[in-house]
2 protein chains.
Amino acid sequence: MAMRIGELARQAGTTTRTLRHYEELGLLPARRTGNGYRTYDDGDLRLLQQIRTLQDFGFGLEETRPFVDCLRAGHPAGDSCPASLDVYRRKLAELDECIADLQRIRAEVGSQLARAELEAAADVPGGPPPLCAFAPPPEHERETGTP
Amino acid sequence: MAMRIGELARQAGTTTRTLRHYEELGLLPARRTGNGYRTYDDGDLRLLQQIRTLQDFGFGLEETRPFVDCLRAGHPAGDSCPASLDVYRRKLAELDECIADLQRIRAEVGSQLARAELEAAADVPGGPPPLCAFAPPPEHERETGTP
DNA sequence: CCTGGACTTGACGTCAGCGTGAAGGTTTAC
DNA sequence: GTAAACCTTCACGCTGACGTCAAGTCCAGG
């Protein structure tokens with residue numbers, strides 16, 4: 001099923017600009033017709049779907065290359081090759097690290113917010129009434145031990 | 001304790017370029033001496049430390065502005081103002097969303113890897129017909145992993 | 001006086017993944 | 001026959017937070 005760039009873009013839910021960009025990177029080269037138009041087939045559509053799927057997982061374009069090469073080499077799936085599996089594994093490690101970082105940060109920001117809200121409640125008596133029965137009075141510094 | 005840009009950069013563990021950048025943004029304006037040199041004091045160091053701390057948490061520079069303004073307004077801490085608390089809360093929501101996304105992606109990539117490893121193990125000994133390896137998700141919505 | 005280090009402004013480069021136009025050629029539909 | 005719709009190649013723009021020159025200024029030590 002030969003098609004031109006616009007048709008492939010539609011079928012893959014992307015844009016012609018994106019396809020030209022992939023070609024610039026050598027990721028998805030196109031054959032040309034006599035008039036210079038790019039022409040693609042169903043195989044290219046599969047390659048492109050592979051790329052887009054991986055991108056949705058947050059893979060960079062360079063990281064999709066082993067999968068694309070694997071498919072082009074005739075393998076049944078983009079992840080049928082060891083190089084692709086390595087990318088999966090590296091990405092998993094990266095994701096785990098990233099998630100751990102974000103969770104640590106979330107905890108820190110959360111505690112900063114909690115502290116700052118407490119201090120605001122303590123410093124501004126006119127606003128929300130103290131939740132704690134022994135909340136500090138506004139003008140005198142008084143330490144209230146948590147009961 | 002008046003100091004010039006190099007000294008402030010050293011004390012904050014950053015670079016002069018960064019400080020000039022902050023000034024361009026109006027985030028950390030500097031006084032000038034007669035010869036045109038930037039001059040800073042300990043208050044500026046505190047502002048800068050506030051910025052760097054928030055940056056370590058993944059806040060964008062614009063998001064640090066309320067904190068800096070708050071400190072400059074004379075408040076005891078950068079997060080003593082409602083605007084800063086709002087930034088905290090928005091960032092928490094953003095972090096939660098991002099963490100959830102990454103966890104979902106981690107699970108998907110993990111299962112893809114497991115499946116691909118199984119298929120590789122199955123394909124080497126014998127030759128059972130491969131399933132359709134990739135069922136691309138219907139929507140193409142993308143976002144960056146870490147801020 | 002001269003050298004070297006710290007300082008100044010200005011402006012372009014980096015990374016990723018395209019978006020957005022300009023200026024023009026080709027094909028298709030009516 | 002002509003206008004719409006498609007295609008082509010440049011080539012700059014965008015986001016963020018700076019890095020990296022380049023060319024010139026200022027000041028202290030020897």
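Listed by residue number, the members of residues 24-45 of chain B with any heavy atom below 4.0 angstrom from DNA chain D are B:Asn35, B:Tyr37. A heavy atom lying under 4.0 Å from DNA chain D marks the following residues of residues 59-67 of chain B, by number: B:Gly60, B:Leu61.
Panel note: side chain A:His75, backbone A:Ser80; no donor-acceptor pair is recorded below 3.5 Å. Counting only distance, with no hydrogens or angles, the side chain of B:Ser84 and the backbone of B:Gly78 share a donor-acceptor pair below 3.5 Å. Side-chain atoms of A:Thr53 come within 3.5 Å of backbone atoms of A:Gln49 as a donor-acceptor pair (strictly under, hydrogens ignored).
Rounded to a whole Å, the CZ atom of B:Arg10 is 7 Å from the P atom of C:dC7. Atom NE2 of A:His21 is separated from atom P of D:dC10 by 16 Å (rounded to the nearest Å). Rounded to an integer number of Å, the gap from CG of A:Leu19 to C1' of D:dC7 is 13 Å. As rounded to whole Å, 13 Å separates atom C1' of C:dG25 from atom CZ of A:Arg4. Rounded to whole angstrom, the span from the CD1 atom of A:Ile5 across to the P atom of C:dC18 amounts to 13 Å. Atom CZ in A:Arg17 sits roughly 12 Å away from atom C1' in C:dA16 (whole-Å rounding).
Contact between the side-chain N/O atoms of B:Tyr22 and the OP1/OP2 oxygens of D:dA17 is not found at any separation under 4.0 Å. An OP1 or OP2 oxygen of C:dA6 is reached within less than 4.0 angstrom by no side-chain nitrogen or oxygen of B:Thr16. In terms of phosphate contacts, A:Gln55 brings a side-chain nitrogen or oxygen within less than 4.0 Å of OP1 or OP2 of C:dC18. Put simply, A:Thr18 has no side-chain N or O that comes within less than 4.0 Å of OP1 or OP2 on C:dG17.
A salt bridge between B:Arg115 and B:Glu119 is present, with a side-chain N of the basic residue lying under 4.0 Å from a carboxylate O of the acidic one. Between B:Arg104 and B:Glu108 there is a salt bridge, since a side-chain N of the basic residue sits under 4.0 Å from a carboxylate O of the acidic one. Comment: A:Arg20 does not engage A:Glu23 in a salt bridge, judged by the lack of any side-chain N to carboxylate O separation of less than 4.0 angstrom.
In terms of heavy atoms, B:Phe59 sits closest to B:Gln55 at O-OE1, 3.5 Å. Of all non-hydrogen atoms in A:Leu71 and A:Ala77, the two that sit nearest each other are CD2-C, 3.7 Å. Taking each heavy atom of B:Gly110 and A:Leu92 in turn, the nearest pair found is N-CD2, 3.8 Å.
At a threshold of 4.0 angstrom between heavy atoms, the contacts of B:Arg52 are confined to the sugar-phosphate backbone, with no base atom among them.
Side-chain to base pairing of B:Arg20 with C:dT9: no donor and acceptor N or O lie closer than 3.5 Å to each other.
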